[in-house]
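Just so it is clear, the model here is predicted, and its values are computed rather than measured. Chain A is the first sequence line, chain B the second, and so forth, proteins listed ahead of strands; every chain is numbered from 1.
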Amino acid sequence: MPAGSVGIIVGGDHGPHAGETRPDDDLLVGLNSQQREAVVYRGQALLIVAGAGSGKTSVLTRRIASLLRSREAWPSEILAITFTNKAAGEMRERVEQLVGNSAKGMWISTFHSACVRILRREAEQFGFTKSFTIYDSGDSRALIKRLVKEREADAFGLTPAAVQGRISKLKNELADAESYARQANMNDPAERVFVELFGDYQRELQRANAFDFDDLIGQTVFLFRAFPRVADVYRRRFRHVLVDEYQDTNAAQYALIHELTRPISDSVAEPFESNGMMIFEPDRPSGRDAGGEGASLTVVGDSDQSIYAFRGADIRNITEFERDFPGAKVVLLEQNYRSTQNILSAANAVISNNFDRKDKRLWSADGPGEKIVGYTGYSQHDEAQFVAEEVDALRRTGVDYSQMAVFYRTNSQSRALEEIFIRAAVPYKIMGGTRFYERAEIKDALAYLVAVANPADEMALRRIINRPRRGIGDVTVEAIARYAQNEGITFRDALANASALGVGPKMQAAIAQLDQVLADATDLMLPASGELAPPTAVADGLTLLMDRSGYRDALRMSRDAQDEARLENVDELIAVAREFARNNPEGTVIDFLAEVALVSDTDDLEDASGSVSLMTLHTAKGLEYDAVFITGVEEDLIPHRISANEPGGPAEERRLFYVGVTRARKRLYLTLAMTRAQFGEISVAMPSRFLQEIPGELVDWRQSPGDVNSRGGTQSRALNARPGSGGSGWGRRQIRHDDPPALAPKSTSLDRFPNRIPAKLRDNGDMVLEAGDRIRHDDFGEGRVDAVTGEGAKRVAHVRFDSGGLKKLLIKVAPITKI
DNA sequence: AACCCCAGTATTTTT
DNA sequence: TACTGGGGTT
């Protein structure tokens with residue numbers, strides 16, 4: 001074992017001195033001074049506030065490399081956490097480029113997979129086994145649905161979706177059924193039922209030897225708190241914890257990080273407990289381990305890109321980092337290496353409307369670049385047509401398809417784009433969307449695997465017991481369940497005693513057949529004691545299950561056209577299993593299932609080569625393209641209607657829009673439609689407020705909202721482009737012909753100059769405000785007027801909002817009411 | 001138990 | 001519009 005020599009690097013405001021060689025000089029090449037500082041700083045806690053496109057991944061990876069080079073850390077002492085597998089993969093790759101093979105020993109993974117790894121080792125400490133499985137949200141919904149039904153909870157207005165949402169939220173705050181019950185209002189019968197459901201749900205999970213997504217984090221925290229010596233094992237191991245996208249952490253993730261970076265509690269614990277995990281104890285500078293200091297923590301984030309509050313992410317984790325970790329160092333990265341200044345100016349202008357944020361202005365050294373292009377379509381098809389034409393034009397000027405992306409707020413918006421793209425022969429790829437692993441046939445196939453891997457998981461068995469149809473219905477299933485209960489055995493084991501169930505001979509045969517198939521697959525994939533299953537076992541076992549269960553045949557025989565595609569999907573899953581075996585020769589079914597449960601389609605790498613990428617604004621985070629189209633820039637879409645009632649909703653939508661804008665390197669298009677069909681109804685759409693927040697001179701409107709409204713004269717492009725198509729399949733035509741006047745905005749005062757959006761400009765008339773008045777603002781909530789300045793239409797109210805922010809508002813147009 | 005039809009309803013983002 | 005669930009029928 002090599003002795004660890006340590007080079008202490010003094011962080012500072014100076015660049016590398018000429019002539020002086022440091023082990024990591026080359027790591028600092030090309031970095032600006034803030035970036036260097038972020039790489040080189042050493043201390044307990046470091047917050048890197050990294051604006052969009054400011055090179056944070058470079059900084060993070062070089063920081064890791066620097067720790068290794070200087071021998072301050074062994075690879076095994078590094079834990080780097082990201083949110084997506086894709087981000088983790090990228091980071092690993094880039095670290096590997098810098099340090100080569102030693103990257104292998106690091107944990108670079110998502111929160112969830114890191115926790116799976118830990119839980120896998122420690123599950124037996126608290127009532128689970130190593131072969132636990134993971135419930136995705138669909139699985140938990142199914143379980144909750146059953147429980148809701150059993151308790152007839154819908155009578156109390158508790159729908160499965162609502163129950164699931166609340167439980168998830170509570171878990172993200174580390175509450176469990178008991179702790180919640182203690183502070184719930186138990187006089188409310190609905191509340192009582194909810195508490196019961198929560199408890200049921202948790203018991204069922206435990207019985208099934210399963211964790212849901214939230215549990216993976218929450219139970220790990222629980223484990224660390226309940227078993228400090230277990231926690232110490234990991235604290236001893238991970239001396240450097242780095243967290244990416246810190247603004248997206250929720251309370252549970254925050255707690256997890258806290259637990260990991262806490263000082264080691266019991267400094268005499270034997271290092272080799274915990275299932276033989278290797279603990280390296282390299283020589284350290286004296287004083288570092290003696291005091292049992294906590295691991296060093298580096299977090300990277302940008303509160304302006306926090307877009308997951310709706311699922312528990314707490315922006316305060318980043319805004320209050322300095323308070324949580326006293327003595328923390330903060331480094332600001334504001335220089336943007338991605339976008340042109342025009343794009344950044346637009347982004348800055350929009351985001352500055354969010355109060356309650358640290359002012360941060362992205363800037364670029366690369367000049368203004370092209371103007372932002374705006375376009376208002378008549379309908380969503382018209383809008384899509386414009387996008388397609390523009391994509392085509394860009395392509396002809398040499399921009400590769402893979403360097404273009406189209407964003408939208410909701411998945412359903414992709415349809416119109418797809419239709420037009422197909423017609424226009426523009427190659428495209430939809431990222432996300434209905435995910436491969438959520439398709440019914442894939443879930444079925446996986447349920448077969450779960451039935452083998454984790455026999456305790458009754459849900460999986462219930463799912464496949466009549467799939468393909470075996471004639472086993474509710475009655476029979478209940479008979480099996482009852483039998484299992486009476487005999488005190490599992491549902492799975494009950495299948496082996498088909499003859500004892502008291503069901504007809506046909507059923508008995510069907511059950512016995514299924515039992516046999518599962519047993520054979522088990523022999524193949526999980527050979528008894530000691531023997532190691534061959535790498536191909538998962539793929540082979542899955543094939544066996546799909547064939548011998550009759551699943552494949554049923555799809556093959558079906559005359560439903562879609563079943564052909566389903567069959568292909570099943571084959572694809574088998575291919576995935578083969579691929580898995582190649583990458584993980586020692587991987588078991590359990591490992592395969594965990595991997596599959598934790599990947600999303602967004603993760604599958606840019607095989608979007610040669611096609612335009614279509615995705616939601618959320619999935620766009622972390623990506624960048626030469627040309628970006630943000631479509632559907634309308635009120636009720638972005639900001640989404642549902643966000644209006646949620647506290648902080650509009651601000652989060654603004655951040656989402658900001659994320660979209662900052663994905664663009666060279667060209668940004670903002671498009672909208674005047675009418676939009678949603679669930680069969682055509683409605684008039686209003687331009688998004690965010691458009692008004694962009695300075696007019698940055699935008700070149702090819703067709704502004706005013707153009708489309710005035711005199712109804714603008715002919716639909718989609719119509720023009722399709723002479724003689726007969727209009728079949730384009731059901732919106734009627735409204736185009738006879739309805740234009742109805743689309744005109746109520747206000748006729750302004751017609752057509754760039755970025756003036758008459759339909760949306762709000763007019764508070766002569767609202768009189770004076771110091772002391774209280775007002776309510778659509779985004780910011782309630783506040784008190786401190787002072788009023790200016791004259792006439794330019795009167796400005798200085799408002800102190802209850803939430804703490806100070807804002808200057810143009811009284812005439814601000815979305816405020818006097819209260 | 002499987003199929004069919006109707007009605008109602010929901011349409012944000014995801015590890 | 002598209003999908004789901006319920007209810008009734010075969």
Side-chain angles (χ1 to χ4, degrees), chain A residues 81-88 109-116 134-138 140-141 145 149 154 159-161 164-165 168 171-172 211-218 245 248-250 252-253 306-313 380 407-416 431-435 437-438 440 465-466 468-477 503-504 506-507 510 560 594-603 615-621 632 636-646 649 652-653 655-657 659-660 676-682 729 731-732:
Chain A
I81 300 183
T82 62
F83 271 82
T84 66
N85 296 293
K86 187 174 168 199
S109 69
T110 63
F111 270 104
H112 296 268
S113 16
C115 287
V116 168
I134 299 164
Y135 276 21
D136 67 20
S137 27
S140 23
R141 198 180 323 119
K145 207 166 175 180
K149 206 166 206 168
D154 43 353
T159 65
Q164 185 183 25
S168 170
K171 284 187 174 184
N172 284 331
F211 296 99
D212 65 18
F213 279 150
D214 302 320
D215 278 346
L216 292 177
I217 316 285
E245 306 281 15
D248 285 335
T249 49
N250 61 32
Q253 288 158 338
S306 161
I307 54 174
Y308 287 113
F310 71 92
R311 66 177 214 228
Q380 54 204 332
F407 302 157
Y408 35 80
R409 176 65 231 265
T410 68
N411 277 310
S412 61
Q413 288 168 254
S414 70
R415 185 158 286 147
M431 320 282 277
T434 315
R435 306 143 76 74
Y437 291 106
E438 277 165 23
I465 199 160
N466 198 31
R469 320 235 104 119
R470 301 185 171 89
I472 301 178
D474 289 347
V475 182
T476 312
V477 170
V503 296
K506 244 188 176 156
M507 296 295 148
D560 182 337
E595 170 150 322
V596 157
L598 295 175
V599 301
S600 68
D601 293 351
T602 326
D603 294 327
M615 70 192 83
T616 65
L617 285 162
H618 280 87
T619 30
K621 188 160 82 154
D636 290 351
L637 223 39
I638 172 86
H640 196 275
R641 164 150 24 125
I642 293 175
S643 74
N645 306 319
E646 286 161 15
E652 176 146 322
E653 297 284 310
R655 291 193 293 269
L656 186 54
F657 185 71
V659 165
R676 188 163 294 272
Q678 41 187 356
F679 27 95
E681 297 254 292
I682 296 163
R732 328 264 165 275

Exercise for the section: Have a look at A/T616 and say if it touches a base, only the backbone sugar-phosphate, or nothing, with a 4.0 Å heavy-atom cut-off. Expected result: sugar-phosphate
Practice task
Remember a base hit wins even if backbone is also touched, and classify A/H112 as base, sugar-phosphate or nothing at under 4.0 Å, heavy atoms.
Solution key: base
Fill in the blank from the handout: With sugar-phosphate taken as primed atoms, P, OP1 and OP2 and all else as base, the protein-contact string of nucleotides 1-6 of chain B at under 4.0 Å (heavy atoms; B, S, -) is SSS---
Handout entry: Under 4.0 Å protein heavy-atom contact, by nucleotide of nucleotides 2-10 of chain C - B base, S sugar-phosphate only
Key = S--S-----
Practice task
May I ask you to test the A/T619-A/F407 pair for a side-chain heavy-atom distance under 4.5 Å?
Solution key: no
Practice task
Decide yes or no for A/L637 and A/R676: does some side-chain heavy atom of the first lie under 4.5 Å from some side-chain heavy atom of the second?
Solution key: yes
Expressed in angstrom and rounded to an integer, what is the separation of [X] atom [atom1] from [N] atom [atom2]?
X: A/I134; N: B/dT14; atom1: CD1; atom2: P; value: 19 Å
X: A/K621; N: B/dT14; atom1: NZ; atom2: P; value: 12 Å
X: A/N250; N: B/dT14; atom1: CG; atom2: C1'; value: 12 Å
X: A/Q253; N: B/dT14; atom1: CD; atom2: P; value: 16 Å
X: A/D214; N: B/dT14; atom1: CG; atom2: C1'; value: 11 Å
X: A/I642; N: B/dT13; atom1: CD1; atom2: P; value: 9 Å
X: A/L656; N: B/dT13; atom1: CG; atom2: C1'; value: 7 Å
X: A/I217; N: B/dT14; atom1: CD1; atom2: P; value: 18 Å

Problem - Proximity to the side chain of A/T110 - top-ranked nucleotide from B/dT15, B/dT14, B/dT12 - result: B/dT15
Completion exercise
Out of B/dT14, B/dT12, B/dT15, minimum distance to the side chain of A/Y308 belongs to B/dT14
Handout entry: NZ/NE/NH1/NH2 to OD/OE distance under 4.0 Å, A/K171 and A/D212
Key = yes
Can you name the residues that form a salt bridge (Lys or Arg N to Asp or Glu O under 4.0 Å) with [X], not counting sequence neighbours?
X: A/D214; answer: none
X: A/E245; answer: A/K56, A/K621
X: A/R470; answer: none

Problem - base_contact_polar (B/dT12 base, A/R641 side chain, donor-acceptor, <3.5 Å) - result: no
Exercise for the section: Would you please name every residue forming a ring pair (Phe, Tyr, Trp, His ring centres under 6.0 Å) with A/Y308, sequence neighbours left out? Expected result: A/F310, A/H618
Practice task
Go through the structure and list residues passing ring pair (Phe, Tyr, Trp, His ring centres under 6.0 Å) with A/F83, not counting sequence neighbours.
Solution key: A/F111
Handout entry: side-chain hydrogen bond (donor to acceptor under 3.5 Å, both in side chains) partners of A/S137, counting only residues at least two apart
Key = none
Exercise for the section: Could you pull out all residues at least two apart from A/S414 that satisfy side-chain hydrogen bond (donor to acceptor under 3.5 Å, both in side chains)? Expected result: none
Practice task
Verify the contact: side-chain N or O of A/N411 to OP1 or OP2 of B/dT13, cut-off strictly under 4.0 Å; return yes or no.
Solution key: yes
Problem - C/dT4 versus B/dT13 - spacing of their C1' atoms, nearest Å - result: 22 Å
Problem - A/R409 vs A/S137, nearer the 5' end of DNA chain B by closest nucleotide - result: A/R409
Fill in the blank from the handout: By nearest-nucleotide position on DNA chain B, the 5'-leaning member of A/S643 and A/F83 is A/S643
